[in-house]
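The block underneath contains the structure these notes are about, expressed in structure tokens.
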Amino acid sequence: MVNIDVENLGKFSLEESSSIFNLISSKNKELARKAIIAELTFKDGAKKFADMNFVISSDLKIKLLLPDDEKSIDTLNHSTSHVMAIAIKNIYPEAKFAIGPSIKDGFYYDFEIDKTISPGDLKPIEDEMKKIISSNYPFERKEVTKDEAREIFKGNPYKLELINDIKDEKVITYKTGNFIDLCSGPHIISTGRIAAFKLLSIAGAYWRGDEKNKMLIRIYGTSFFKKEDLKDYLDKIERAKLSDHRKIGKDLELFSFHDEAPGFPFWHPKGMIIRNLILDYWRKIHIESGYQEIQTPIILSNELWHTSGHWDHYKENMYFVKIDENDYAVKPMNCPGAILVYKSRQHSYKEFPIRYAELGLVHRHEKSGVLHGLFRVRNFTQDDAHIFALEENLGTEITAIINMIGKMYEVFGFKSYHVELSTRPEDRIGSDEMWDRAEKKLEEAIKENNLEYKINPGDGAFYGPKIDFHIKDSLERTWQCATIQLDFAMPEKFDITYMGEDNLKHRPVMIHRVILGSVERFIGILIENYSGNLPLWIAPVQVAILPISDRFHSYSEKIYKVLKKEGYRAELDSRVESLNKKIRQAELNKIPLMVVIGEKEQESDTVTVRKKAGGDIKNISINEFLSVLKENIENRKTSL
RNA sequence: GCCGAUGUAGCUCAACUGGCAGAGCAACUCAUUCGUAAUGAGUAGGUUACCGGUUCAAUUCCGGUCAUCGGCUCCA
């Protein structure tokens with residue numbers, strides 16, 4: 001006899017073994033039908049997720065997970081990936097399956113096939129999936145020995161490799177219809193639970209994510225327990241596309257890209273306004289925080305890059321030029337330049353920490369397939385800084401940088417970002433002892449500042465580990481922006497020193513850090529986060545002045561001149577067009593404020609202010625309007 | 001770099017199986033003087049990304065190059 005305790009349902013004793021589904025069904029049919037999977041807690045405290053078909057054989061606590069639980073949605077997506085595999089197998093019997101996990105908002109399955117799969121091939125697969133779903137096949141779990149599994153999956157090198165990697169002697173398989181997959185589960189009870197799904201895209205993906213391996217076909221899809229949820233999801237994706245910075249950048253004439261210079265952005269007048277405003281603020285913060293600005297050349301001798309280690313560890317990403325028979329490289333990073341500035345004279349411990357900030361334009365050769373609007377370009381401006389410090393300064397310096405990042409991101413309206421600690425890569429300089437010390441130091445700093453973080457093993461720079469800050473774009477892809485890198489290696493490579501209290505030469509430590517990351521990437525994300533509706537203080541055009549007819553042009557002109565004189569960015573739409581049309585165009589240009597000028601305004605010496613997206617229309621005096629503008633802009637408010 | 005897709009007017013998109021390249025918006029001209037998201041009429045605008053091939057004939061079929069998009073790998 002076993003004792004079962006089901007959350008929100010009560011305690012039961014079982015004489016005979018029973019599946020969870022049957023047990024719950026006998027008590028509450030409705031609940032059994034609704035539940036997707038169960039979270040089991042065993043006597044020893046161990047927890048695991050199980051299918052509703054799980055057969056109870058020992059004392060258990062059971063928590064039933066309903067469709068709205070995140071784990072239930074994961075399970076559904078994972079099960080749908082199996083259904084897709086069955087459909088693919090039915091259509092292409094020669095396909096060899098690799099892995100098919102659930103991911104955020106969906107699933108994929110990777111498989112090998114000696115054939116091109118195109119978007120047109122998705123429809124037949126979807127149709128086949130629909131048949132499988134309506135057949136309502138159960139997902140049948142079975143434990144087998146590794147040898148049995150090898151027999152089942154013979155001829156499939158991917159599954160065999162996975163079996164070899166499993167530590168247990170037994171492996172789990174799931175049978176659905178007559179398709180068997182290697183999978184630890186859990187799964188939905190049967191294929192009929194998939195209410196809605198869609199196959200979204202096809203991609204190539206390397207087996208095990210390794211470039212050296214064969215490229216497999218990957219099909220992405222998504223699935224839901226309710227049809228409306230699928231519709232909502234697809235609508236959300238469509239809406240997110242409207243926030244794409246590449247589209248907005250073109251529509252609002254902020255920047256452009258040209259075939260003549262792939263991956264090298266061209267900044268237009270309105271884009272430059274955004275850049276300069278961000279950088280004005282950036283300079284203000286840096287000066288306040290004890291930084292000194294420097295600027296170093298874009299082209300430096302190859303010899304320098306040999307010294308720094310870039311030649312050995314970064315050459316693939318660099319551009320080279322010849323000047324008078326001598327070899328030079330276009331800088332991919334700013335650090336060697338900053339070091340030369342440091343080295344130009346002797347330094348004393350009394351000066352530390354020395355904080356050199358540099359808005360450095362770097363060029364990196366990125367592979368053609370990775371370019372992506374402003375997010376991934378071949379030249380970009382890093383808001384860099386190199387801090388030369390004593391080892392005992394490190395804690396306070398790193399904390400100060402973390403605070404600076406938090407402050408800047410808040411000003412630009414980024415509320416959520418995540419932190420990663422990237423540790424030593426395979427290809428690196430410096431001793432292991434150095435890396436131990438540097439990694440430990442960064443981790444301590446993260447913990448002291450109570451940041452949540454995950455470790456990103458092997459992803460550090462070749463000269464040191466780093467703390468990375470990631471922000472999401474409109475499609476929730478994350479991009480690294482800020483980074484704080486600790487470097488004991490470069491100071492040694494360049495043999496930089498300072499004079500200590502003991503009248504002896506010592507080696508300083510370097511921190512490399514960026515806050516915005518790349519100005520280009522940062523602006524891209526800024527645009528996406530606001531869907532182009534930038535806060536008043538950064539909007540390239542702040543006010544559109546809209547005279548109702550040309551009878552009011554001279555009064556409008558007067559308002560325009562007042563705004564210009566006060567330093568606001570205003571445009572006067574003096575065309576002979578309907579007010580509706582002028583408003584529409586100001587809306588499309590995402591201008592935050594419109595000022596409508598007609599008879600009433602001219603007579604009372606006022607303006608009628610209309611906020612973007614309508615509503616809240618107010619007739620106020622010019623001075624009142626000016627003070628509203630001033631208050632909002634001076635405080636860098638993120639909304640009107 | 002790899003896998004797949006796409007490339008037609010400034011923008012968004014048409015052109016059935018090969019037969020003189022078309023629309024809306026934008027631009028320009030004229031008329032309209034308008035109160036909170038498009039006034040009307042007209043004009044102009046294209047070596048169909050580029051190079052080559054097949055064909056009497058190519059935007060359309062084939063090959064190559066380039067760029068872009070979605071992924072993979074890589075990265076700020």
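Chain letters run A, B, ... following the sequence lines, proteins first, then strands; residues in each count from 1. As the structure is a prediction and not an experimental result, all values here were calculated from the model.
- Among the atoms of the strands shown, base atoms are found under 4.0 Å from some heavy atom of A:Ser368.
- B:A15 and B:U60 are spaced 10 Å apart, taking the C1' atom of each and rounding to whole Å.
- Look at the P atom in both B:A41 and B:G24: the space between them is 10 Å, to the nearest Å.
- Residue contacts shown for A:Leu371 are limited to sugar-phosphate atoms, with no base heavy atom under 4.0 Å away.
- The line from NZ of A:Lys612 to CG of A:Leu536 is 13.5 Å long, rounded to the nearest 0.5 Å.
- Residue A:Ile117 is the one, among A:Gly598 and A:Ile117, whose nearest nucleotide of RNA chain B lies closer to the 5' end (criterion: closest heavy atom).
- Using bins of under 30°, 30° to 60° and over 60° for the plane-to-plane angle, the ring pair A:Phe266/A:His258 lands in the perpendicular bin.
- Among the protein residues, A:Glu253 comes within range of no part of the nucleic acid, since none of its heavy atoms lies under 4.0 Å from any strand.
- Taking every side-chain heavy atom of A:Glu599 into account, B:G35 is the closest of B:A76, B:G35, B:A5.
- The side chain of A:Arg575 lies closest to B:A27 when the candidates are B:A27, B:U36, B:A76.
- Of the nucleotides present, none pairs with B:U36 by Watson-Crick or G-U wobble criteria with both distances under 3.5 Å.
- Atom name P, nucleotides B:C51 and B:C66: the rounded distance is 15 Å, in whole Å.
- A gap of 15 Å separates the P atoms of B:G42 and B:A26, to the nearest Å.
- Listed nucleotides B:C34, B:G71, B:A37 differ in distance to A:Glu587; the shortest reach to its side chain belongs to B:A37.
- Both stacking criteria are satisfied for A:Phe380 over the base of B:A76: a centre-to-centre distance under 5.5 angstrom and an angle between ring planes under 30 degrees.
- Remark: A:Glu452 CD is loosely packed, at most 12 non-hydrogen atoms of other residues, nucleotides or ligands lying under 6.0 Å away.
- Rounded to whole angstrom, the span from the OH atom of A:Tyr220 across to the C1' atom of B:G70 amounts to 9 Å.
- For A:Ile103 against A:Asn77, the heavy-atom pair with the smallest separation is O-ND2, 4.5 Å.
- You won't find any donor-acceptor pair under 3.5 Å spanning the side chain of A:Gln485 and the base of B:A76, going by distance alone.
- Comparing A:Gly373 and A:Ala482, the nucleotide of RNA chain B nearest to each residue sits closer to the 5' end for A:Gly373.
- A straight line from CZ of A:Phe111 to P of B:G71 spans 18 Å, rounded to a whole angstrom.
- Residue contacts for A:Lys581: at a heavy-atom cut-off of 4.0 Å it reaches the sugar-phosphate backbone alone, with no base atom in range.
- Rounded to whole Å, the separation between the P atoms of B:C11 and B:C75 comes to 35 Å.
- Distance from the side chain of A:Lys250 is smallest for B:C11 among the nucleotides B:A26, B:G35, B:C11.
- B:U55 and B:A49 have their P atoms separated by 23 Å, given to the nearest Å.
- Within the 4.0 angstrom heavy-atom criterion, only backbone atoms of the sugar-phosphate kind lie near A:Asn580; the bases stay farther away.
- Counting only heavy atoms from C-beta on, A:Arg246 has its side chain closest to B:C69 among B:C69, B:A67, B:U33.
- With respect to A:Arg428 and A:Glu439, no salt bridge is recorded, no charged nitrogen being found less than 4.0 Å from a carboxylate O.
- Taking the C1' atoms as reference points, B:U68 lies 39 Å from B:U36, given to the whole Å.
- If you take CZ on A:Phe197 and CE on A:Met84, they are separated by 10.0 Å, rounding to the nearest 0.5 Å.
- Residue-level contact check: A:Glu520 touches neither bases nor backbone, having no heavy atom under 4.0 Å from any strand.
- Within the 4.0 angstrom heavy-atom criterion, base atoms lie near A:Gly369.
- At whole-Å resolution of the value, CG in A:Asp573 and P in B:G35 are 15 Å apart.
- Nucleotide B:U60 forms no Watson-Crick or G-U wobble pair with any nucleotide shown, as no partner meets the under 3.5 Å limit on both distances.
- Residue A:Gln480 is in sugar-phosphate contact alone, with no base atom involved, counting any heavy-atom pair closer than 4.0 Å across all strands shown.
- With distances taken from any side-chain atom of A:Val370 to the nucleotides B:U73, B:A76, B:U39, the minimum falls on B:U73.
- Crowding of A:Lys115 atom NZ: a count of heavy atoms from other residues, nucleotides or ligands under 6.0 Å exceeding 12.
- Within the nucleic acid shown, A:Thr608 comes within 4.0 Å of at least one base atom, counting heavy atoms only.
- As a whole-Å value, the separation of A:Asn213 CG from B:C2 P is 17 Å.
- Contact annotation for A:Lys241: no contact, since no heavy-atom pair falls under 4.0 Å across all strands.
- Between A:Lys123 and A:Glu126 there is no salt bridge, since no side-chain N of the basic residue sits under 4.0 Å from a carboxylate O of the acidic one.
- Atoms CG (A:Asp210) and C1' (B:G1) sit 14 Å apart, rounded to a whole Å.
- A straight line from CG of A:Asp459 to P of B:C74 spans 8 Å, rounded to a whole angstrom.
- Pair assignment for B:U54 gives none, since no Watson-Crick or G-U wobble pairing has each distance under 3.5 Å.
- The gap from the C1' atom of B:U39 to that of B:A76 amounts to 50 Å, rounded to the nearest Å.
- When each of B:C72, B:A67, B:G4 is scored by its nearest atom to the side-chain atoms of A:Tyr206, the top-ranked nucleotide is B:C72.
- Nucleotide B:C74: unpaired (no Watson-Crick or G-U wobble partner with both distances less than 3.5 Å).
- In the interface, the side chain of A:Arg551 is not paired with the base of B:U33 through any donor and acceptor atom under 3.5 Å apart.
- The residue A:Val362 sits apart from the nucleic acid: no heavy atom pair falls under 4.0 Å.
- With a cut-off of 3.5 Å on both pairing distances, the Watson-Crick or G-U wobble partner of B:C25 is B:G10.
- One finds a salt bridge joining A:Arg208 and A:Glu161 here, because a Lys/Arg side-chain nitrogen approaches an Asp/Glu carboxylate oxygen to under 4.0 Å.
- Listed nucleotides B:G70, B:C2, B:C74 differ in distance to A:Arg376; the shortest reach to its side chain belongs to B:C74.
- The partner of B:U47 cannot be assigned: no Watson-Crick or G-U wobble pair with both contacts below 3.5 Å exists in any strand.
- The partner of B:C69 is B:G4, by the rule that a Watson-Crick or G-U pair needs both atom distances under 3.5 Å.
- Comparing atom distances between the A:Ser118 side chain and each of B:C34, B:C2, B:G4 picks out B:G4 as nearest.
- Nucleic acid contact for A:Ala205: sugar-phosphate only, since backbone atoms but no base atoms lie under 4.0 Å from a heavy atom of the residue.
- Contact annotation for A:His372: backbone-only contact, meaning every heavy-atom pair under 4.0 Å involves sugar-phosphate atoms and none involves a base.
- In this structure, CG in A:Leu516 is found 11.0 Å from CG in A:Asp384, a value given to the nearest 0.5 Å.
- Residue A:Arg521 is classed as a base contact, given a heavy-atom separation below 4.0 Å to a base.
- One interatomic measurement links the two molecules: CG of A:Leu546 to P of B:U36, which rounds to 13 Å at whole-angstrom precision.
- If you measure from atom NE2 of A:His363 to atom C1' of B:C75, you get 17 Å, rounded to the nearest angstrom.
- Each of B:C2, B:A76, B:G70 was ranked by its minimum atom distance to the side chain of A:Arg477; first place goes to B:G70.
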